[in-house]
Protein chains: 2
Amino acid sequence: MVDVAARETKSTRTRQRILDAAAEVFSEQGYPARLSDIADRAGMKAGSLYYHFDSREDLVAEVLRLGIEGSWEQVAAAVGRLPSTATPLQRLEAAVRAHTLSIVGRSAYATAQARIVGSLPPDLARAHRKDQRAYGEYWRDLFDAAQRAGQLKSGVDTFAAQMLAFGAMNWTSEWFQAGRGLTPEQLADQAVMLFFGGVASLP
Amino acid sequence: MVDVAARETKSTRTRQRILDAAAEVFSEQGYPARLSDIADRAGMKAGSLYYHFDSREDLVAEVLRLGIEGSWEQVAAAVGRLPSTATPLQRLEAAVRAHTLSIVGRSAYATAQARIVGSLPPDLARAHRKDQRAYGEYWRDLFDAAQRAGQLKSGVDTFAAQMLAFGAMNWTSEWFQAGRGLTPEQLADQAVMLFFGGVASLP
DNA sequence: GTCTATATGACGATAGAC
DNA sequence: GTCTATCGTCATATAGAC
């Protein structure tokens with residue numbers, strides 16, 4: 001066995017613990033969170049972080065990457081679980097539901113990602129944009145398929161619709177509190193209903 | 001004339017210039033923006049800011065307040081311009097259009113507010129929440145009226161709908177670029193169409 | 001690998017001249 | 001009112017012991 005990626009050394013486990021702590025702290029405090037707070041939660045001293053990460057920015061970048069990756073995996077899995085007879089619109093619906101749940105469903109990474117993207121210094125923002133673009137293109141394919149199938153209202157700008165949807169879904173990390181009012185699943189239902197059918201009762 | 005509020009001393013003009021500069025810088029760099037950058041743009045040195053504001057937090061708080069105030073005024077004006085025969089749903093539509101335009105339509109304050117609200121330290125967040133709540137209740141009245149008039153789809157959770165809408169609209173400050181693709185007005189149309197009718201072509 | 005201790009550098013904030 | 005100069009604080013990052 002020489003599969004380095006899969007090997008579980010003490011180091012990789014600690015690194016993971018640090019990342020988990022960082023995701024939680026960033027999701028609570030936003031970008032200005034201090035390394036000492038992250039170290040505290042990981043059960044170590046701030047200086048010790050540097051054995052695992054070269055800099056604060058490296059740590060932030062990794063949390064951001066994992067945030068997108070996590071949502072993407074959940075969304076892709078949900079879409080993949082659909083029967084092959086599912087329509088493009090149903091696939092898009094499953095994606096909206098899954099992404100909303102990935103934000104709200106206690107994924108500190110997804111929440112942190114959604115919360116701190118707005119305050120990134122230029123270099124981190126640039127690095128992050130590549131991942132965003134890749135995930136965005138996955139969504140664009142979903143939109144394009146639905147549009148080609150004639151399942152989208154005429155006049156809909158798919159790019160604007162996609163970005164408006166991301167805004168609505170990602171912002172839930174700021175206000176949604178499980179147990180107060182809606183469950184995560186009910187919130188996802190609301191998002192799907194609103195996004196595909198709108199709030200108005202009259203056509 | 002002893003109307004202090006309306007008097008235009010040099011001090012109030014400078015104060016205004018600082019606030020404008022701060023709104024721009026915060027809208028570009030997010031919460032971590034430096035006072036020196038703000039001072040630069042206002043044409044002064046960082047230390048001089050303290051003649052006009054007691055602390056960095058005071059300055060941030062004022063920008064936040066003006067951000068909400070500006071959107072609110074634009075929205076209220078748009079709703080007020082409607083004929084008295086307008087339905088509750090039409091009033092809500094006007095609000096969505098106006099709020100979207102207030103974010104995209106080059107209001108640095110609204111953009112800054114939408115952008116940095118996620119990274120506020122606890123005390124600033126608490127202070128800001130009062131303003132948010134007041135503006136939110138204005139919206140809640142619009143929603144309630146529409147619901148009472150039977151113009152909202154049954155099953156819609158108005159609070160969730162409101163917050164999802166805010167997320168979608170405020171997030172536009174992160175991605176929308178006038179001149180590339182849609183105009184601000186077209187974007188507002190998209191937001192209205194999506195929010196009230198959804199993207200799906202089939203009912 | 002994690003610690004303590006310290007270097008380094010930023011930034012917010014203050015004091016006093018003008 | 002704005003400047004220059006400086007203080008104090010705090011966070012990132014490094015060095016070296018364990």
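Chain naming here is simple, since letters A, B, ... match the order of the sequence lines and numbering starts at 1 in each.
For residues 13-21 of chain B, proximity to DNA chain D is found at Thr14(B), defined as any non-hydrogen atom under 4.0 angstrom from a strand atom. A heavy atom closer than 4.0 Å to some atom of DNA chain D occurs in Tyr50(A), Ser55(A), Arg56(A), these being the qualifying members of residues 48-59 of chain A. For residues 39-46 of chain B, proximity to DNA chain D is found at Met44(B), Lys45(B), defined as any non-hydrogen atom under 4.0 angstrom from a strand atom.
Around atom CZ of Arg91(B), no more than 12 heavy atoms belonging to other residues, nucleotides or ligands sit under 6.0 Å away.
A cation-pi geometry, defined here as NZ or CZ lying under 6.0 Å from the six-membered ring centre and within 45° of its normal, does not hold between Arg115(B) and Tyr109(B). Under a cutoff of 6.0 Å and an axis angle of 45°, Arg41(A) and Phe26(A) do not form a cation-pi pair.
When the P atom of dA11(D) is taken as reference, atom CZ of Arg34(A) falls 4 Å away, rounded to whole Å.
In terms of modelled atom types and a separation under 3.5 Å, the side chain of Gln162(A) and the main chain of Gly136(A) share a donor-acceptor contact.
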Exercise for the section: For Ser102(A) and Ser71(A), run side chain to side chain donor-acceptor pair (under 3.5 Å): C-alpha distance rounded to whole Å, both residues' side-chain angles, the deciding distance at 0.1 Å, then the answer. Expected result: CA-CA 5 Å; Ser102(A) 84; Ser71(A) 289; 2.9 Å; yes

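Ring pair Phe166(A)/Trp171(A): centre-to-centre distance not below 6.0 Å.
Side-chain N/O atoms of Ser119(B) and Ser119(A) include a donor and acceptor closer than 3.5 Å.
Met163(A) contributes atom CE, which lies 12.0 Å from atom CZ of Phe176(B) (distance to the nearest 0.5 angstrom). Atom CG of Asp37(B) sits about 12.5 Å away from atom CD of Glu24(B), to the nearest 0.5 Å.
Using the six-membered ring where Trp is involved, Phe195(A) and Phe143(A) have ring planes that are perpendicular, over 60° apart on the 30 and 60° scheme.
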